Structures are given as C-alpha cells and as structure tokens.
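Note sheet for the following structure.
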Amino acid sequence: MKKIILLKEGELTLKGLNRSVFEDKMINTVKRKLKPLGDIKIWKAQSTVYIEPESEDFDMDEALSRLKYVFGIAAYSMAFCVPKNMEEILREAPVCLKETMENIRTFKVEAKRADKNFPFKSPEISAELGGVLLENFPHLKVDVHNPDEVITVEIRDNAAYIRGGQIKGAGGLPTGTAGKATVLISGGIDSPVAAYLMAKRGLNLNAVHFASPPYTSIRAEQKVKDLLSCVAKYSGTIKLAVVPFTEIQEEIGKCCPEDYFTLIMRRIMMRIACKVSEAEGCGALITGESLGQVASQTLQAIGVTDSVCSLPVLRPLIGNDKEDIVKISKQIGAFDISILPYEDCCTVFTPKHPHTRPKPGQCEKAEEKLDIEPLIQRAIGGISYYYING
Amino acid sequence: MNGIYLDNSSTTKPCKEAIDAVNFALNECWGNPSSLHEFGFNAEQLVKSARQSVAEKIGASIDEIYFNSCGTEGDNTAIIGAALALKKRGNRIVTTSVEHPAVLETVKRLAEDGFDVVYIKPDKDGHISEKSVRDAVNEKTVLISMMLVNNETGAIFPVSSLKKIAKEKGSPALIHTDAVQAFGKLPINVKKLGVDMLTLSGHKIHAPKGIGALYISKDVHIKPFITGGGQEKGMRSGTESVPLIAGLGAAVNALPDINAQLKKAQELNDYTRKVLAENGFDSFNSPADALPYVLNVSVIGYRSETLLHFLENEGVYVSSGSACAKGKGSYVLNEMGLERARIDSALRISFSRFSEKSDADKLCEALLSATKKLRKANR
C-alpha cells in the first residue's frame, strides 16, 4: 500500500506572486529534515505539497514526527494512495484505516473530487465509504457535527487519496523568508519563547548571551545552549555569541548610582548586541521583555533602552501574561530547562530599589563616570562563538 | 585467556572503545556530576552524552533513560514500581514462566503480597503465542512483563502485540520488557514496540559489568526503588557511576549497523546448524526464527556439565542451562515440555559480533572429540 504525506500550507498561501519563493523555502527545510530517512519525491498542487517516499522501508512515523518542527505547514497527514476506482477504494479503505478506526467511536466521511470526470459524485462517495466502514467496524457511529475523526477521500487526477485526521503543523512562515535577527538570550523563561515566536515568522536566528564568570557558572552557559537547542529544532542552526560581561558589571558597580545598575547594564547590552548584529548582517534585535513583568520593563525603562539601539527591537511577548509565556515554553520543551537554578548575570548585580521611571537625561548622567567605548570594545574582542543545533 | 568464547549471552568481552572510555573517566573525569564546579560539570557532560547514545539506540528521548547497576535492578524497579502504581486499578500481573529470575523472583514477591500472578507457558518450540497472552490478560491486569528475547533459547517473544491486547481487554496494564538479550542485537524502537518500560544491561554488549539502564516512558510515573540524594531525576539515587556509564555509552556507539549485523549473525547461525547437523548434533532446542546469536542444542546421552568441561579442555567455552543456574537443569526447557534426556544434555551456544565460521568449526570438532572421549570412558 503506497503511503504519502500531504502538507497543507498555512499563511504563505496569501503571498500572491511571491508564493513560490515561500513554498520553495519550506520545501527545502522539509527535504533537509527528511533526506536522512530515504529518497523522496516532492511536488505541489494547489495549496498542498505531496511527499512520496521512494522506498518501502521509509520510516513514516519518524517523518511525521520531524515535520512537526517545520514552519510554514498549517496541518499535515499521512494518506494512502489507491487506484482511482470505487471498488478498490471501498476494498482498501477499511484495511488502511484499521488502526485509526479501532481507536475512535464516531466519524464522518468527506469526499472531494478534483477530477470531475469521476463517475460518482462526492455525496455518493461519502455515503458508500461511510457504509463500508460501518460494516467493517461495528462499534462505530456516524456523527456529522462533532466526530472523533474525519475520514477524507480525495479523487485526484492520478489516484485516490484516503486519510484520517490531520496533525496540526507548526504554523508560521517558512524559515529564511524574513531575514535574520539576533535574540538576547538569558537563562530565563521568556527569551527562548521570544526567539521561537520570531523564528515562527520566518526569521533565521543569531543569539547573544552575556556571561559574568565567576559570578555566573559554566552551567548557566550550558543552560542557554540547551534552551537555544529547543528553538533550533524549529529554526535551524543558531550562531551564539557569548560576551564576557564581568568587567562591565564590576565597573557599573563602582561608577554608577545603585538604582540605575540594571538600566545601565541593559543599555550597554543593547549597544553591544547592536554592534554584533550589524557585523553579522542581522536586521533587528529580539528580546523577551513583557510590559510590567519586572522593574526594568516599564514603559519608561523600555524607552531608555531603545534610545541607544541602532536596530529595531522586536518584543513579541510585550503583551503577554506570564501564564501564556509559560504555556509556550512548555510546548517547545524549554520550561524544565529554564527553571534550572543557575545564576545568570541579570540576577547577580540587582539593586535593592531599582529606578522604574527613568528619563533619558538621567540615564546619561548616571553613565557619566563610565568609559563605555573601551569597555564595549574589550567585551566584543572576548566573544566566544558556538553553533547550536536542534 | 584464549580459546573460542561462545558464551556471550552470559557476558561479553569489553570492547576497546568501552575500556578506553572507562579509563578516560577514571583518569581525567572523576568529578561528582552533582558538584557545581567544573569537575562536576565535566562529569555531568560525560553522563549526558552516554545517555543520548542509549536513548537514540532505542528511539527514546534523553529524559526517558535512567542509569542503574544492571538488568536485574532495572527489572526490579520496573516491575515493583508498576505494580504499586496501579494497584488500585487491579491486582493481576501477567508474565511468562521462562523469564529471567530477576523477573520471576520479583513477581513472586508481589504474589506473596497479594498480587494474582499468571505465568504464560511457552509451546514446545519455545514460542509464546498471542492467544495465550489474550487468555491471561483481563481488565484487572495492571502489568504485563515479557522478555523480548529469551536468554536460553533465543526465542523472540511477541512484545509488540501486548499493548494492543491490553487495550482490547480493557486492561490499564503497563507493559514492561526485559530486553537485556535483545538490546544491540535486534533493532528496537520503544514506540513501535509499544512498551512503557524497557530493561537493558551493559555487559551483554561489550560494556563493563555493573551498569544497566531502564527506559521509562515520559507518560508513566512510578516510584523509585532506591531513594537518597535524588540522582537520575530522583528515579535512582546514588552517585552516578561515571566510568561505567561512559563505558556503556562508548559500547553503544561502537555497535555496527544492527540490521547488517543481524544478517551476518543469521548466516553464522545457519552455518553452525548445518555443520553440527552434518555431524549428528541435530537436536536443536532453539526455534528457527530465534535470535541468531543464540543456539541451544542437546547432545542426547551426554550430561551438559560434563560436556561443558570437556569442551573447555579443548578451548571451547559454552554454557549449560543458563549461567545463573550454576549447573541445574534448565527450567526454560522444562517449561517448554521437552523430555528429560534433552534437558539434561542441553548446551547453550551464544555468539557475539566477533564470532566467526571457524569458531563453529572448532566447536564441532571439540564436540566430536568430547563425545568420543566420553563414550570411551563410558560417560
């Protein structure tokens, strides 16, 4: 029995004349993920992409599992390919669908005819197939409103495709169609989620992490790599720059008023991130900031942070509650890693009473005594690069 | 120690990769993985890498693998954990009468505590039929434990049908398999096999003794057997045996392509059966479709242990009954309903991926020589 995979394209179908550019990028990602399992043939028809394995021992289950991580796919399913006549369809369907039907209680059949010359009309096909399935699986009932599973029969030009329900895809836009951006990644819950959400819109990702040994440990750095690995499963390889931040944090501690520590630290982090991003050809920064979550995330605080950036800052979580963010974190497998208790530099030099409504002028004054440029140069000079895979 | 070692189901010679990994861990990476400093971090990374290797080999994810000391510990943990976890939903445990003592003794303990244990017997070929499983499982069954490959005959049991049967019977049973003899020899994918827990052991695949691993599906929650400092996510306390874990990881990585190797093993098994049969040794107790690495054969009229020592004299090392039994007649062959004469003269030959056709030739020569000498001495 020939099995194929059908991919239903998501938002990229709205891309008009540029659609095939988006489609091709998604298909490239699919090829990369499925190639190790064996040779496949891929073709497109309307808003569906068909994947046909060339060999019998192609691991279907593994392929379906890998496709879960491809952006651009709205939904996908495995379909059985049978010759295009009613007799074969009615004979093969109960065999192919055996496992699916045994595990549900209610179903309905939907038939679609792309080939209008097929001698039976869609309602007739549904009725016939429905009848055969009820005969073969007596425990089943038909429910046209809210069935456990919808069985679909598609009559196309070359064959009939029978399939059970669809698997929800990763959604979003294909990786690589939106350009490249740099995510500022700490070991917390928010920044990996922000990275994932922006990758979902089609961005390739770089990352920047600030480490302050010996205040922070090598385990904190490993935690960041593990978190990026969860995101990389979806986005592809992430180039991570780990920036040595100890000297800067100690200087801030020496030269600046305590209630401005965090704000000044963030301003310098943004400056460094912009410089590194520009050198890597990135068009934006990404942070996990959510309005009001912590003292440095008030409107004014965000204002003074933005004022030193030469690139746009994308904050996909700005309007999200913690609860929503935790949900996504668990979904991408990052939550259990994020809650591991290793200090990262954001928590090490926290002021007792951070300033929550800073004005730009005040920040510059607080930064006066710092000789920022050489500090930044030295930090950038000490960067270690890593390539993180999924 | 030289000679032809054909007792690989008892234990295997550690491979160079495993020994090097153990040495490396002992010399260069001897920190406690729970330490927060660099010594600990490096040891932790070594353990993580080995865990990844084991997980990939059975199609599990890295957080479903728990290291322990051996297959016996894995069986104890899985069986007692599962039975206690589900005891409110039923009290029947289904297993086979030819499991390893690690399983049999453990379910016996549970029987003494009130569980209803059903032991499925194999048929005369050594197979376990799906029908016999169906007859044994009911809606009060909370655990089905069935080995994937029997250590005495090599018979492969229908583990992949268990989940389906449990569902059919309305049973909430957790499915456990002792895959100690199968791991590294048969391709294993825990999802396809439909098992909730799987036991494996290092010293059967050329890793050192004293290391094993237990797979527990992330959807399954059982209590740990050994409690203490909370290592292995609380599932198995005790400072991790970094050198042995590293050895296991290296041995797993050194495994050649399982399917290709299985084919070679089948060819060797076919050859061995042919050579033995040509020379009159044709009372095979292993079914034709058994794991080809194991060949159980009876030399009717000659006592197993005596033969074993005569073969040893010729430089050929095999097992009689199973190593654990230390010379008693095999209970597995007994359960299969074989005649006394066959049971008393049974030898278990078990190959490794390093065995060759010449080993089979020498075995046959040694058997001929041994039986000749014994006939002269009137047995």
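Since the structure is predicted, the reported quantities are computational estimates derived from the model, not experimental observations. In what follows, chains are A, B, ... by sequence order, proteins preceding strands, each numbered from 1.
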Quick check on the structure: residues of residues 41-57 of chain B within a heavy-atom distance below 4.5 Å of chain A, by number. Phe41(B), Glu44(B), Gln45(B), Lys48(B)

Any chance OH of Tyr385(A) has more than 12 other-residue heavy atoms, nucleotides or ligands included, within less than 6.0 Å? yes

Asp61(A) portion near chain B, given a 4.5 angstrom heavy-atom threshold: side chain

Listed by number, the residues in residues 233-244 of chain B that come under 4.5 Å of chain A (heavy atom to heavy atom) are none

Exceeds 12 heavy-atom contacts within 6.0 angstrom, atom NZ of Lys225(A): yes

Could you measure the distance from the CZ atom of Arg219(A) to the NE2 atom of His37(B)? Nearest 0.5 Å is fine. 9.0 Å

Which bit of Asp57(A) is near chain B, if near means a heavy-atom gap under 4.5 Å: side chain, backbone, both or neither? neither

CD (Glu54(A)) with more than 12 external heavy atoms under 6.0 Å: yes

Counting only non-hydrogen atoms closer than 4.5 Å, does Lys167(B) touch chain A with its backbone (N, CA, C, O), its side chain (CB onward), both, or neither? side chain

Counting only heavy atoms not in Arg134(B), do more than 12 sit closer than 6.0 Å to its CZ atom? yes

Lys192(B) portion near chain A, given a 4.5 angstrom heavy-atom threshold: side chain

A quick test of your reading: do over 12 heavy atoms of other residues, nucleotides or ligands sit less than 6.0 Å from CZ of Arg105(A)? no

NZ/Lys98(A): more than 12 non-hydrogen atoms of other groups inside 6.0 Å: no

I'd like to know whether NZ of Lys169(B) has more than 12 heavy-atom contacts from other residues, nucleotides or ligands below 6.0 angstrom. yes

With a cut-off of 6.0 Å (strictly less than), are more than 12 heavy atoms of other residues, nucleotides or ligands near NZ of Lys264(B)? no

